J.: 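My structure is below; once you've seen it, I'll send some questions.
None of these values were measured; they are calculated from a predicted model. Here is the naming used below: chain letters follow the sequence lines, and residue numbers restart at 1 for every chain.
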Amino acid sequence: MTQITIIAFGQLTDITGNRFTIDNIIDTNTLKIQLEEQYPLLKNRKYAIAVDEQIVSENTLLNASSTVALLPPFSGG
Amino acid sequence: MTQITIIAFGQLTDITGNRFTIDNIIDTNTLKIQLEEQYPLLKNRKYAIAVDEQIVSENTLLNASSTVALLPPFSGG
Amino acid sequence: MTDKKPKNIFVQGAIAASFIGESIYKHQTQKNIGAHSIFLGQVRSDVIDNKTVTAIEYTSYEAMALEKMHEIRESIFSKYSLTCMHVYHSLGTVAAGEICLFVFTSSAHRKAAIDACEETVERIKAELPIWGKELFEGEGYQWKENSLGV
Amino acid sequence: MTDKKPKNIFVQGAIAASFIGESIYKHQTQKNIGAHSIFLGQVRSDVIDNKTVTAIEYTSYEAMALEKMHEIRESIFSKYSLTCMHVYHSLGTVAAGEICLFVFTSSAHRKAAIDACEETVERIKAELPIWGKELFEGEGYQWKENSLGV
């Protein structure tokens, strides 16, 4: 069973904490569905998903070594 | 007889020095003619004439209390 | 593309004004430079719903930010004729009035330095995964949001 | 238009990097500032017909330059939402590698500071009666000429 570690940033950490794991996901589409079940507050938030430090816009396969990050809108500078 | 003091700047000072006087001129048009007679090298130079710290583009009357300056292209900064 | 390792841009806490002065000073040996353009971001003490921002706490997805900054740097260098470019961004707490971003570009003629500096600032704000948490006087906070190009 | 007396912008010789650092530092008490934009002109050691520029000697029609700078300042303040603006230009000799022009604008949001700084630099170069004499190594000189917008 694949367990993926997710890191979260910015305002999302108020909902998920900095780091958590999710089981049984194979790609970013299923991740998104599972995430919003596990953390219903995420549904109203804007965020991008990065896999291995690249923002993904299409569904992307995940494996146990993937680094997955949830990125709310940036506010640097 | 009106004598006007002229101040020069930048590359023009190589021709006229910093300051000189011209007699018998009543306006900037006659000034220009007289100037180029007195300093023939000025004919090939680009310069503006300022009267009382304002660049003049039209013929302007002069009197003994006028401050007249010859300004080659600026090169500050 | 070069194979250089991404440079670190992060500093803990505020960027000191004296550090900026020293960075400028170090460029006096480069006698082919004619123009420097500098952008500084300073933490504003905004008042939001009667609460005053006293500091911003910055966090970043650092590995991704450095990769992205490396890309931005390469693209700016290929677009503009620069002699050099330096970027520093704060992490952690920066009090109101202190500097949190320092972008510094230099070139022989002014247009390259000015345009490169502005474009770099816009790209940093839009593309680097950095987040600011505005801390209110007393207690409470609000997550900062960037408006692009303002 | 205000009736304020024109501020002096001229400094004898080079503008020290430490002075720039101190100017930045002084703005840390103004907590409504979110962005600073700085332009610095540095004397380049150009090589012209095998002769190397070692310094520029600046002269100005000072009274007219200060009047004109006052006009520029008023017009920039009426066009952009700035908290402040500082301009310094060297007179006399500035060696290659040293700073001869320092333009510093500040605002709540970055666009005003950036655009105001750039426009002020362009106007200074185009409109202030200042002349630079490029001094060559050994002896000789050439009068500098500005190319606009480069």
Side-chain angles (χ1 to χ4, degrees), chain A residues 2-22 25 27-29 31-32 34-36 38-77, chain C residues 6 9-11 15 39-44 46 53 56-72 87-92 94 99-103 117-118 120-134 140-150:
Chain A
T2 317
Q3 189 183 60
I4 308 241
T5 300
I6 319 275
I7 47 180
F9 292 94
Q11 45 271 57
L12 302 183
T13 61
D14 290 349
I15 300 169
T16 65
N18 293 316
R19 178 178 290 270
F20 59 97
T21 56
I22 287 198
I25 47 167
D27 56 27
T28 51
N29 278 357
L31 167 67
K32 222 166 158 171
Q34 190 111 357
L35 265 177
E36 296 177 3
Q38 195 162 330
Y39 301 102
L41 285 171
L42 284 181
K43 277 181 201 157
N44 312 312
R45 299 306 180 98
K46 254 184 82 181
Y47 59 93
I49 296 175
V51 177
D52 298 331
E53 296 167 15
Q54 294 291 334
I55 290 175
V56 299
S57 46
E58 313 226 317
N59 190 26
T60 302
L61 285 176
L62 299 174
N63 61 57
S65 68
S66 301
T67 303
V68 179
L70 307 183
L71 313 176
F74 306 154
S75 55
Chain C
I9 62 165
F10 291 112
V11 295
I15 298 161
F39 178 83
L40 303 173
Q42 182 166 304
V43 172
R44 264 196 331 272
D46 282 347
V53 173
I56 294 181
E57 193 184 299
Y58 287 102
T59 49
S60 172
Y61 186 7
E62 291 184 52
M64 183 177 163
L66 296 182
E67 275 299 336
K68 197 76 202 168
M69 188 62 230
H70 183 68
E71 262 178 61
I72 296 172
V87 172
Y88 299 93
H89 196 294
S90 295
L91 286 183
V94 181
I99 308 283
C100 56
L101 173 61
F102 172 25
V103 177
C117 185
E118 180 169 5
T120 303
V121 170
E122 291 305 322
R123 293 195 62 180
I124 285 171
K125 299 236 176 196
E127 298 176 36
L128 295 197
I130 299 175
W131 297 273
K133 188 180 188 173
E134 295 173 315
Y141 64 86
Q142 164 180 294
W143 289 94
K144 183 172 174 261
E145 285 187 24
N146 277 359
S147 38
L148 293 181
V150 180

J.: Does any backbone or side-chain atom of C:W143 lie under 4.5 Å from a heavy atom of chain A? Answer side chain, backbone, both or neither.
T.: side chain

J.: Find the distance between CD (A:Q38) and CD1 (A:I6) and round it off to the nearest 0.5 Å.
T.: 8.5 Å

J.: Could you measure the distance from the CD1 atom of C:I72 to the CD atom of C:E122? Nearest 0.5 Å is fine.
T.: 11.0 Å

J.: Salt bridge (charged side-chain N to carboxylate O under 4.0 Å, His left out) for C:E71 and C:K68? Distances and angles first, verdict last.
T.: CA-CA 5 Å; C:E71 262 178 61; C:K68 197 76 202 168; 3.3 Å; yes

J.: Quick one: which residues of residues 59-66 of chain C reach chain A at under 4.5 angstrom, heavy atoms only?
T.: C:S60, C:Y61, C:A63, C:M64

J.: Looking at OH of C:Y88 and CD1 of C:I15, how far apart are the two atoms once the value is rounded to the nearest 0.5 Å?
T.: 9.0 Å

J.: Find the one option among A:G76, A:G10, A:S75 whose heavy-atom pairs under 4.5 Å with chain C are most numerous.
T.: A:S75

J.: OH of C:Y141 to CD of C:E134: how many Å apart, nearest 0.5 Å?
T.: 12.5 Å

J.: Between A:T13, A:D14, A:I7, which residue shows the highest count of heavy-atom pairs closer than 4.5 Å to chain C?
T.: A:D14

J.: Heavy-atom pairs under 4.5 Å with chain A: which of C:K133, C:E127, C:E67, C:E145 has the most?
T.: C:E127

J.: Check whether any side-chain heavy atom of C:L128 lies under 4.5 Å from a side-chain heavy atom of C:I9, and answer yes or no.
T.: yes

J.: Could you check if a side-chain atom of A:Y39 sits within less than 4.5 angstrom of a side-chain atom of A:Q34, using non-hydrogen atoms only?
T.: no

J.: Using the six-membered ring wherever Trp is involved, compare the ring planes of C:Y58 and C:H89 and label them parallel, tilted or perpendicular (cut-offs 30° and 60°).
T.: perpendicular

J.: Under a 4.5 Å heavy-atom cut-off, does chain A meet the side chain of C:I130, its backbone, both or neither?
T.: both

J.: Tell me, for C:I124 versus chain A, whether the close heavy atoms (under 4.5 Å) come from the side chain, the backbone, both or neither.
T.: neither

J.: Would a 4.5 Å heavy-atom cut-off, applied to side chains only, mark A:L35 and A:F20 as touching?
T.: yes

J.: What residues of residues 50-74 of chain A make heavy-atom contacts with chain C at a cutoff under 4.5 angstrom?
T.: A:A50, A:E53, A:I55, A:T67, A:A69, A:L71, A:P72, A:P73, A:F74

J.: Can you tell me how far apart CD1 (A:I25) and CG (A:L31) are? Round to the nearest 0.5 Å.
T.: 4.0 Å

J.: Rounded to the nearest 0.5 Å, how far does NZ of A:K43 lie from CD1 of A:I15?
T.: 12.0 Å

J.: Keeping C:K144 on the side-chain end and A:G77 on the backbone end, is there a donor-acceptor pair under 3.5 Å?
T.: yes

